[in-house]
Amino acid sequence: VTGVQTCALPISAVTVTTTSLPAWTAKQSGYSQSFGASGGTLAGTVTGFGGAGTGWNAIQSGSTPGPSFPSANVLALTANTGNQANALWYDTPVQPTGGFTARFTYQVLTPSGSTADGVTFVLQSSSAGTAAIGAAGGSLGYLGGNVTPSIGLELNIYGGHTKGGAFDVSATNTADNYSNPGAPWSTLGNGDPINFTVTYDGNVTLTATAFDTVTGSSATLTSTLSSGGLAGILGSTNPIYLGFTGGTGGSVSTQNITSL
């Protein structure tokens, strides 16, 4: 890691590996998330997008098309179409509040000087469940809807704001405040496959490391959560769903998510 930036969240606030969770089991092939128990023992795994979305719920609120699968376990979260608001949620609730590590690859397939807008990796306990969705454009399919309570890692590729990322509690980043802790955060839309590793320590520290598989650049965004951590945000008993949201506006891009 060549750069580290720390930001504080205003309130206590996903392949995934964990540290202390109730056991559950779910296995699919491809995209990988793992939830483990105390000491790193694996207690459950979500692997892949079920080929073409089996076991996942796709939501489309803006312009068509919604989320699609151009090939097995490759999610096209947005297409090269304006004013999209899309989401994909894993159907089975998870319990990640004891700690986790999540890994995925993000790639923009239509890189240009006007790519937009971005995606969000989300854990949410909304009453809407797997029907939760936000608004199009800079809302990234996350803000401006009912994806709350939640915690999201927002990735912004629109040049009208700082190109970079933000940890957002309950879709409140309406001022579009993003951080650039170093390359490749400022070039997320350049077309390179970017590997992300998101880690929560089960207490108050949440990090996201971006690694450009072409240039080798790497940097980490860190948030220190208030007392209560993820459980304080999502609740300790509410069903928690993991997934991705994405948006386009006047500027567009095809944004794909795959596994490491």
Side-chain angles (χ1 to χ4, degrees), residues 14-16 28 30-33 46 48-91 102-112 114-124 130-145 147 150-158 163-166 168 171 178 188-196 198 208 210 241-260:
V14 203
T15 358
V16 176
Q28 300 178 11
Y31 170 77
S32 176
Q33 304 197 64
V46 183
F49 288 120
T54 301
W56 297 75
N57 191 43
I59 301 294
Q60 175 255 320
S61 178
S63 300
T64 57
S68 64
F69 296 88
S71 58
N73 295 303
V74 175
L75 166 65
L77 194 53
T78 66
N80 202 32
T81 303
N83 300 309
Q84 290 184 293
N86 294 334
L88 187 79
W89 305 109
Y90 186 58
D91 284 338
R103 299 181 179 92
F104 60 91
T105 299
Y106 171 72
Q107 185 176 23
V108 175
L109 297 187
T110 51
S112 70
S114 59
T115 54
D117 275 276
V119 302
T120 307
F121 180 46
V122 186
L123 291 163
Q124 53 93 354
T130 60
I133 188 68
S139 294
L140 309 183
Y142 177 52
L143 291 83
V147 193
S150 60
I151 181 73
L153 171 64
E154 299 168 338
L155 307 179
N156 173 62
I157 61 173
Y158 175 55
K163 292 184 178 181
D168 185 3
Y178 298 104
L188 296 178
N190 69 356
D192 293 352
I194 309 295
N195 293 346
F196 280 89
V198 184
Y241 296 94
L242 64 89
F244 296 88
T245 71
T248 63
S251 298
V252 300
S253 58
T254 297
Q255 302 176 92
N256 280 12
I257 304 290
T258 57
S259 65
L260 288 180

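- Of the N and O atoms on the side chains of Asn195 and Thr105, at least one donor lies less than 3.5 Å from an acceptor on the other residue.
- In this view, Ser253 satisfies the side chain to side chain donor-acceptor pair (under 3.5 Å) rule with no residue, not counting sequence neighbours.
- Listed by chain and number, the residues in a ring-ring contact (aromatic ring centres under 6.0 Å, His included) with Tyr158 are His161 (sequence neighbours excluded).
- Residues satisfying the side chain to side chain donor-acceptor pair (under 3.5 Å) test with Gln255, not counting sequence neighbours, are Thr78, Tyr106.
- Applying the side chain to side chain donor-acceptor pair (under 3.5 Å) criterion to Gln84, with sequence neighbours excluded, gives no partner residue.
- The side chain to side chain contact (heavy atoms under 4.5 Å, CB included) check on Asn80 picks up Thr110, Val252, Thr254, with sequence neighbours excluded.
- Annotation: side chain of Phe104 is not in contact with side chain of Ile194 (no heavy-atom distance under 4.5 Å).
- Side chains of Leu75 and Leu88 form a contact here, defined as non-hydrogen atoms less than 4.5 Å apart.
- Side-chain contact between Ser251 and Asp117 is absent, with no heavy-atom pair separated by less than 4.5 Å.
- Asn256 is listed as a side-chain neighbour of Leu109, based on a closest heavy-atom distance under 4.5 Å.
- Using a 4.5 Å cut-off on side-chain heavy atoms (C-beta onward), Glu154 and Tyr178 make contact.
- Applying the side chain to side chain contact (heavy atoms under 4.5 Å, CB included) test to Ala208 and every residue at least two apart in sequence or in another chain returns Leu153, Phe167, Trp185, Val198.
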Self-check item: Chi angles and distances behind the side-chain contact (heavy atoms from CB on, under 4.5 Å) call for Leu188, Val108
Solution: CA-CA 8 Å; Leu188 296 178; Val108 175; over 6 Å; no
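- Nearest heavy-atom pair across Ala132 and Gln124 is CB-NE2, 4.0 Å.
- Remark: side-chain polar atoms of Asn86 are paired, donor with acceptor, to backbone N or O of Pro65 under 3.5 angstrom.
- Using modelled atom types, no side-chain atom of Asn83 and backbone atom of Ser63 make a donor-acceptor pair closer than 3.5 Å.
- The two residues Ile133 and Ser61 have their closest heavy-atom pair at CG1-CB, 3.7 Å.
- Here the shortest heavy-atom pairing between Ser150 and Ala171 reads OG-N, 4.0 Å.
- For Ala136, the side chain to side chain contact (heavy atoms under 4.5 Å, CB included) test picks out Ala85, with sequence neighbours left out.
- By the side chain to side chain donor-acceptor pair (under 3.5 Å) test, Asn190 is found to be paired with Asp192, residues two or more places apart in sequence or in another chain being considered.
- Between the OG1 atom in Thr130 and the CH2 atom in Trp89 there is a gap of 9.5 Å [rounded to 0.5 Å].
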Exercise. Test side-chain contact (heavy atoms from CB on, under 4.5 Å) on Leu242 and Val122 and set out the steps.
Key: CA-CA 6 Å; Leu242 64 89; Val122 186; over 6 Å; no
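- No side-chain heavy atom of Val119 sits under 4.5 Å from any side-chain heavy atom of Thr245.
- Here the NZ-CG distance, from Lys163 to Asn156, works out to 8.5 Å after rounding to the nearest 0.5 Å.
- Side-chain contact check for Asp91 versus Trp56: every heavy-atom pair is 4.5 Å or farther apart.
- Contact check for Thr120 versus Phe244: no side-chain heavy atoms found under the 4.5 Å cut-off.
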